[in-house]
Number of protein chains: 2
Amino acid sequence: MSKRVTAKEIAEELGISMMTVSRALNNRPNVKEETRKKVIETAARMGYSPNHVARSLVKQKTETLGVVVPKITHSFFPEVIRGIEEISYSSGYHLILTHSAEDFEQEKDALQTLESKRVDGILISTAQTVEDYDIYERLAKLGVPMVFFDRCVFNIGVSCVTVDDERGARRMTRHLIEHGYQRIAHISGPSRVSIGRYRLSGYRKELEEHGLPYDESLVVEAGFQEEDGYEAMKRLLALPDTRRPDAVFAVNDASAFGAIKAIKEANFRIPDDIAIGGFTDDIRAELLEVPLTTIRQPAYEIGKKAAQQVIELIEGKSNTVNEIIVQTELVIRRSCGCDVESQSPLLSESSAVGAK
Amino acid sequence: MSKRVTAKEIAEELGISMMTVSRALNNRPNVKEETRKKVIETAARMGYSPNHVARSLVKQKTETLGVVVPKITHSFFPEVIRGIEEISYSSGYHLILTHSAEDFEQEKDALQTLESKRVDGILISTAQTVEDYDIYERLAKLGVPMVFFDRCVFNIGVSCVTVDDERGARRMTRHLIEHGYQRIAHISGPSRVSIGRYRLSGYRKELEEHGLPYDESLVVEAGFQEEDGYEAMKRLLALPDTRRPDAVFAVNDASAFGAIKAIKEANFRIPDDIAIGGFTDDIRAELLEVPLTTIRQPAYEIGKKAAQQVIELIEGKSNTVNEIIVQTELVIRRSCGCDVESQSPLLSESSAVGAK
DNA sequence: TTGTACGCGTTATCAA
DNA sequence: TTGATAACGCGTACAA
């Protein structure tokens with residue numbers, strides 16, 4: 001550890017008290033302008049850097065937010081983080097980023113460290129292996145400002161920012177039904193995770209509304225990763241010809257990517273033999289050989305809203321438990337076999353940076 | 001701020017001293033096993049969470065690394081962060097993630113906060129508008145363990161983990177030359193940034209080695225973003241027919257994406273009219289309508305190595321200034337007009353999660 | 001094996 | 001307008 005200049009040393013240098021230095025440096029009233037100037041100048045000359053650790057200890061505030069993501073993937077979470085970062089930066093908070101790698105034990109670990117580091121608030125999207133809610137409840141009861149995003153836990157008094165998963169799933173399912181598909185399969189997410197449950201329930205409700213049977217053999221519970229979708233699709237493809245799905249709704253785009261891989265390996269064509277729809281609108285979705293029809297989740301927005309929520313909690317501007325629902329959008333591409341005039345998928349305005 | 005249980009309170013509860021509590025909780029020797037058990041049990045019961053802030057203050061160590069990235073984009077930096085996270089997690093460090101949004105002022109800001117927060121080490125990739133190196137030098141002189149990754153500043157006594165940019169650029173340029181292209185343009189990065197300079201110099205040296213003229217009108221300095229590549233390409237396309245390039249080497253994939261967009265808008269074909277090569281191997285590169293030939297930078301590796309470097313510095317296992325060069329790889333796809341049997345680009349094993 | 005006194009670097013409080 | 005003193009919660013050093 002390098003030797004650091006302290007406020008005390010500045011005080012000694014100038015023959016004044018520590019408190020005056022502190023006041024001057026923090027732009028507090030009751031300091032003679034002349035003194036303030038001298039202090040600031042001396043501090044700069046001596047290379048003073050205020051010790052935030054000491055400050056946090058006495059102020060009981062770290063100006064830091066803890067973020068827990070299940071995965072630092074390529075598309076959704078980085079975008080969410082960007083949203084979080086933008087809001088928190090402008091409010092003077094910094095981010096401790098942790099990731100659970102979809103593992104509940106690591107997540108608990110991360111949460112405990114964040115607690116020990118006394119972050120002012122926590123933003124979290126649960127791991128897919130979440131087992132119980134004790135730790136969230138404990139933190140919530142302790143009064144640690146906390147907000148879930150994307151993957152939430154409800155009814156434990158914690159706010160949440162997410163999309164209307166059930167509605168999005170219904171929208172996708174309806175879209176497939178309206179295009180004449182009869183045997184629509186669903187590669188679902190883990191039922192432990194909110195978005196897994198809600199998307200499944202949306203799928204199911206929409207089938208019912210259209211008088212289609214809910215066929216359990218067409219629903220495979222899997223994880224959120226590409227390989228999970230791949231394995232699940234293989235199981236669906238192993239069904240006898242007459243029972244094989246003519247369309248598949250995957251819980252998210254990653255899962256859909258895996259499913260597509262399995263479908264191609266089995267020499268079926270998309271969408272002719274099997275249509276497919278995803279959820280997320282990953283940046284890769286529109287670039288696939290057969291661009292993927294999907295439900296767009298505004299990741300950046302979700303991040304911003306979630307950050308706004310915790311900050312409001314922290315600063316006491318609000319203490320209600322909110323469920324913020326961000327709207328999704330059905331993005332129709334070729335994988336569902338619909339007649340959209342498919343423009344060249346290369347870098348549409350909507351994705352990435354729209355060069356104008 | 002919620003009321004927190006302190007070590008002192010545990011001590012009072014048990015009628016022992018704070019120190020015994022501290023020793024018991026930190027698995028230090030010289031505590032009767034029975035006492036230790038009681039302490040641990042009581043701590044759990046009372047919901048004790050050690051205050052890391054206080055601990056950091058006395059130990060002069062925060063167990064935290066500061067990370068500064070210019071952008072939280074979709075591909076390269078998230079992968080680097082994943083690598084950093086993996087190593088630091090296993091060594092007990094947590095990450096404060098800041099981003100400069102490619103803006104030098106924000107970067108300085110971030111660096112100052114990280115300094116104030118007394119992070120144990122800093123990992124940084126410079127913003128494209130970097131102006132001077134004062135702050136890096138100051139931090140380095142102060143003895144703050146610091147490592148650059150990807151975009152480095154050399155000769156100021158700070159370690160760096162990057163790829164051999166010049167060599168990668170030469171490799172790409174040579175590849176284009178060997179395929180008969182004569183007028184190879186370069187959309188370069190900002191000359192202020194190391195990778196901008198080295199890639200340009202690689203391009204230039206390779207041309208020279210092959211006896212090709214270095215034509216200034218074929219070199220356009222731009223930024224690292226998609227729109228920069230787009231604008232730069234438009235300028236190249238505005239050249240008279242005979243002076244127009246037949247191939248373009250873009251400083252990175254994002255820039256190449258923008259260039260491709262401009263080329264298509266001008267109704268030229270890739271690679272027939274104009275071939276193109278990038279640098280990075282963004283996850284989208286292989287998914288383009290005409291998959292992009294590029295130089296692969298092992299982002300995850302870079303992150304891991306960079307994290308290992310700072311941690312070694314922090315723990316005093318090393319105090320030498322290292323320049324770690326990670327190898328790149330030429331990835332040949334269709335955009336350069338070469339005869340590769342182009343397999344379906346959809347989610348090859350190499351990208352994302354290879355479902356097996 | 002356990003306890004006491006002090007210090008880490010800052011801010012809050014109250015007195016001057 | 002300034003300063004002295006006491007926290008903040010923990011670990012170190014030494015004594016018991």
Side-chain angles (χ1 to χ4, degrees), chain A residues 1-40 42-43 46-64 112-113 115-120 142, chain B residues 1-40 42-43 46-64 112-113 115-120 142:
Chain A
M1 193 79 196
S2 54
K3 191 75 204 86
R4 290 282 187 173
V5 179
T6 68
K8 192 178 178 181
E9 291 171 294
I10 296 178
E12 280 163 7
E13 173 87 7
L14 291 171
I16 58 181
S17 85
M18 251 173 62
M19 259 332 284
T20 307
V21 172
S22 172
R23 277 190 276 254
L25 258 19
N26 292 296
N27 289 318
R28 306 283 281 270
N30 299 327
V31 183
K32 215 203 298 175
E33 225 16 77
E34 195 192 321
T35 317
R36 185 191 305 279
K37 240 183 220 152
K38 256 199 313 220
V39 171
I40 290 175
T42 311
M46 297 177 75
Y48 175 73
S49 161
N51 187 326
H52 231 283
V53 178
R55 171 185 244 261
S56 293
L57 184 60
V58 30
K59 297 201 83 164
Q60 300 285 66
K61 190 148 190 299
T62 53
E63 263 130 23
T64 303
Q112 267 157 19
T113 319
E115 186 188 356
S116 264
K117 296 219 178 205
R118 297 293 189 266
V119 293
D120 296 330
L142 250 145
Chain B
M1 192 76 197
S2 55
K3 191 74 204 79
R4 289 284 188 170
V5 179
T6 67
K8 193 177 176 183
E9 290 170 298
I10 297 179
E12 281 163 6
E13 173 88 7
L14 290 170
I16 58 179
S17 85
M18 240 178 72
M19 259 332 286
T20 308
V21 173
S22 172
R23 276 191 276 254
L25 258 21
N26 292 298
N27 289 318
R28 303 286 280 269
N30 298 328
V31 183
K32 215 202 300 177
E33 223 18 75
E34 194 193 321
T35 317
R36 187 192 303 279
K37 238 183 220 155
K38 255 198 317 215
V39 171
I40 290 175
T42 312
M46 297 177 75
Y48 175 72
S49 161
N51 187 325
H52 231 284
V53 178
R55 170 184 246 262
S56 294
L57 185 60
V58 30
K59 298 201 80 165
Q60 300 286 66
K61 190 149 189 296
T62 53
E63 264 129 22
T64 303
Q112 266 156 20
T113 320
E115 186 188 357
S116 265
K117 295 219 182 210
R118 297 293 190 265
V119 293
D120 296 330
L142 250 146

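The sequence lines fix the lettering, A, B, ..., with proteins before strands; numbering per chain opens at 1. Quantities reported herein were computed from a predicted structural model and do not represent experimental measurements. All values below come from the heavy atoms of this structure, side chains included, with hydrogens, waters and symmetry mates left out.
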Whole-Å gap separating C1' (C/dC14) and CG (A/Asn30): 13 Å
Write down the distance between NZ (B/Lys117) and C1' (C/dT10), rounded to a whole number of angstrom. 15 Å
Closest nucleotide of DNA chain D for B/Val53 versus for A/Thr20: which of these residues is on the 5' side? A/Thr20
Hey, which of these two, A/Leu57 or A/Gly15, hits DNA chain D nearer its 5' end, going by closest nucleotide? A/Gly15
For A/Ile10 and D/dT2, what is the distance between atoms CD1 and P respectively, to the nearest whole Å? 16 Å
Which whole-number value in Å describes the distance from B/Leu14 CG to C/dT1 P? 18 Å
Rounded to the nearest angstrom, tell me the gap between atom CG in A/Leu25 and atom C1' in C/dT11. 13 Å
Residues which pass side-chain contact (heavy atoms from CB on, under 4.5 Å) with B/Glu12, listed by chain and number, not counting sequence neighbours: B/Lys8
Quick one, A/Glu9 and A/Arg4 - any side-chain contact, counting heavy atoms below 4.5 Å? no
With a non-hydrogen cut-off below 4.0 angstrom, is A/Ser56 in contact with a base, only sugar-phosphate, or nothing? nothing
When rounded to the nearest 0.5 angstrom, what distance separates CZ in A/Arg118 from OG in A/Ser56? 11.5 Å
Report the distance from atom OG1 of B/Thr20 to atom CG of B/Leu14, rounding to the nearest 0.5 Å. 10.0 Å
I need the CD-P distance between A/Glu63 and C/dT11, as an integer number of Å. 11 Å
Working to the nearest 0.5 angstrom, can you tell me the gap between A/Leu25 CG and A/Ile40 CD1? 6.5 Å
Is A/Gln60 near enough to D/dG9 that one of its side-chain N or O atoms lies under 4.0 angstrom from OP1 or OP2? yes
Evaluate the salt bridge (Lys or Arg N to Asp or Glu O under 4.0 Å) criterion for residues A/Glu33 and A/Arg36: first the C-alpha distance (whole Å), next the side-chain angles of each, then the deciding distance (0.1 Å), finally the verdict. CA-CA 5 Å; A/Glu33 225 16 77; A/Arg36 185 191 305 279; 3.4 Å; yes
Summary of protein contacts for nucleotides 10-16 of chain D, nucleotide by nucleotide, where a base hit scores B, a sugar-phosphate-only hit scores S (4.0 Å, heavy atoms): BBBB---
Of the options C/dG3, C/dT1, D/dT2, whose atoms approach the side-chain atoms of A/Lys32 most closely? D/dT2
Could you measure the distance from the CD atom of A/Glu13 to the CD1 atom of A/Ile10? Nearest 0.5 Å is fine. 9.0 Å
Can you measure A/Lys38 atom NZ to D/dT2 atom C1' for me and round it to whole angstrom units? 13 Å
Angle of first-five versus last-five pair axes in the helix from C/dT1-D/dA16 to C/dA16-D/dT1, to 10 degrees: 40°
How long is the straight-line distance from OG1 of A/Thr42 back to OH of A/Tyr48, given to the nearest 0.5 Å? 12.5 Å
Under a 3.5 Å threshold, yes or no: a donor from one side chain and an acceptor from the other, between B/Thr62 and A/Lys117? no
